[in-house]
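Have a look at the structure below, then the notes.
Proteins get letters first, then strands, A, B, ... in listed order; numbering begins at 1 in each.
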Amino acid sequence: MAKQINVFLENRPGKLEQITGVLADAAVNILALKITSDEQYGIFQLLMDDPERGFRALQQAGMTASLTDVVAVEVQNTPGSLHSVLKVLREANVNIEDCYGFVVDTEKRAIIVLDVTDRATAKRVLEEQGYRIIGSSELYSL
Amino acid sequence: MAFWDEQIETLPREELATLQLKRLKNVIARARNSIFYRNRLADIDESQFTKPEDVVQLPFTTKHDLRLNYDFGLLTVPQEEIVRMHSSSGTTGKATVIFHTRRDIANWANLVARCIVMAGAEKRDVFQNIISYGMFTGGLGLHYGAESVGMLVIPSGVGNTKRQIQLMKDFKTTVFHATPSYILYVSEVMEEEGDDPREFDLRIGFVGAEPHSEQTRQKIEDIYDISAFNSYGMSELNGPGVAFECEEKSGMHFWEDQYLLEVVNPHTGEALGPGEEGELVVTTLCREAMPIIRYRTGDLASIVDDGEPCACGRAHVRISRIKGRTDDMLIVRGVNLYPSQIEDVLMSFPEVATNYQLYLERKGTLDELTVKVELYPKMFTGDLRMLRKLENDILKAIQDEIMVRPRVEFHEPGSLPRTEGKAVRVVDLRKEN
């Protein structure tokens, strides 16, 4: 499965830049990102081309980071694609905690990144419906 | 069970009382050699004293008295007889100075040696003294005591954390002395460097100079896989070596042959009984250069009252952990609280790291307490909901303890100010009116 990096950060000017600085120095490429924050702190979530290296670099820089599994599904970059994926999951009663997506190339492909309560079921039902779950190595070479 | 001075450490209580009375009379007579006590004790007739408890007839000595009589006002010997001066760390207000004769220094080293041996350390141990030297008494105090025991002493002082770790590795340190906040910081650096704190040769830690909770002790013991001992002392009473835990760890044995202990109500000065929490008031029974009589330490604790003598065989009373200081008690929305109460709560949550800070502000007429804590990176799951739940759990636990609803703020590890001596735990931004 694909790996997502989560970084805790205080909600202050310059904090994001500090993180991107560490990743730039480690020559890790960011594929997609998402920020959830409230008044005082937030979590910066990233997909990278080399999550292990990115994770180590963040740890060495003294940052509070974790590495979690997420389900990355390949879809066509057309209207209704996300809806179809969500329908499959709803029918299997899989709850979605978090979701974001990105377009990968000019061939109209997109990747939907899902953080779900039951990753194994999500993966199974989506694959049964003909979806391709992108593993880490493929994702990172995009 | 090892003793440094078995005869005096196990002296039956009646004999201890006889010794205390004799020494009390001597110290009063000696104190009169100082300008300060000559006046202060003019009306006292100690020849009428029949028991150590008669000390209550004497007036208290306060830190204010020491400051007013800076520099030599309490000195009882000619200046040429003094061989050392120390100064309080000035945690609260202006510093005070304390002088020692050669015999005072020897006596002090002997007391510290008692503590070291009581905790199970011995001659063959390698002792790294990870604490400030200089005017602060923690450094030289333990240093001299450990040398008396015959340990190899590494006077590494505080700071330069990577070098501290290297010294531990190279010389196979088995015993350390440090403040709780710094030694916890050292473990964080070990982990960052890829070292497992449990893999070192450490077996015993002396933890002092900052009041800390039982949870903090356990955290230190778990992180390093050692046995940690609490230490009590203050520069006015020499420094470390006033009271210390034995291997039973049910309170700190207070060396009553050298110090006469009272516990009083900090507001009224009335004597309190065993088990009752109040301010420690101490008379030095043996110090030559600068005896202090009925010193108001400002430290809050109680005499352990479990109805039986300590299983270690020592007759000297035990005091509880220091619960706080009369001068660090905070009044928030009319409620009295001590930072240590909040520390106790925080240390029971594995998700938070070891450093914290309390911020007090006044919003309109209302006091607002913000508890700033650092997250412990290893426990971070990357889940915002988990953080919100944790925030709420901590908030509720603190509210249950202190009856005031705080704000809880999470910070990145290492982002809260950390001092290498005594940690600044409270920032009070409320305007005095």
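- By the neighbour-count criterion of 12 heavy atoms within 6.0 Å, atom CG of A/N93 is sparsely surrounded, having that number or fewer from other residues, nucleotides or ligands.
- The shortest distance between side-chain heavy atoms of A/E10 and B/E412 falls below 4.5 Å.
- For the atom pair CG (B/L387) and CG (A/N6), the distance works out to 10.0 Å, reported to the nearest 0.5 Å.
- Between B/M379 atom CE and A/T64 atom OG1 the span is 13.0 Å, to the nearest 0.5 Å.
- Counting non-hydrogen atoms of other residues, nucleotides and ligands closer than 6.0 Å to NZ of A/K123 gives a total of 12 or fewer.
- For A/L9, the parts sitting under 4.5 Å from any heavy atom of chain B are the backbone and the side chain alike.
- For A/E91, the CD atom counts as densely surrounded, since its 6.0 Å shell holds more than 12 non-hydrogen atoms of other residues, nucleotides or ligands.
- Between B/H411 and A/Q40 the shortest side-chain heavy-atom distance falls below 4.5 Å.
- For the pair A/I43/B/F380, a side-chain contact is recorded, criterion being any heavy-atom separation below 4.5 Å from C-beta on.
- Residues A/E97 and B/R385 meet the side-chain proximity criterion, which asks for heavy atoms closer than 4.5 Å.
- Looking only at distances, no side-chain donor or acceptor of B/E192 sits under 3.5 Å from a matching main-chain atom of A/G62.
- Of the atoms belonging to B/R388, heavy atoms from both backbone and side chain fall under 4.5 Å from chain A.
- Between chain B and the options A/D38, A/D115, A/T36, the largest number of non-hydrogen pairs under 4.5 Å is found for A/D38.
- There is no contact between B/E193 and chain A, counting heavy-atom distances below 4.5 Å.
- The interface of residues 66-75 of chain A with chain B, defined by heavy-atom distances below 4.5 Å, comprises A/S66, A/T68.
- Between the CG atom of B/L384 and the CG atom of A/D98 there is a distance of 9.5 Å, given to the nearest 0.5 Å.
- Residue B/F171 qualifies as open at atom CZ: its count of foreign heavy atoms under 6.0 Å is 12 or below.
- Note: B/F410 and A/Y41 have tilted aromatic rings, judged against thresholds of 30 and 60 degrees for the angle between ring planes.
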For residues 51-60 of chain A, please give each side-chain donor-acceptor pair under 3.5 Å, one per line with the distance, not counting sequence neighbours.
from: A/R53; atom 1: NE; to: A/D50; atom 2: OD2; distance (Å): 3.0
from: A/R53; atom 1: NH1; to: A/A26; atom 2: O; distance (Å): 2.5

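- Counting non-hydrogen atoms of other residues, nucleotides and ligands closer than 6.0 Å to CD of A/E128 gives a total above 12.
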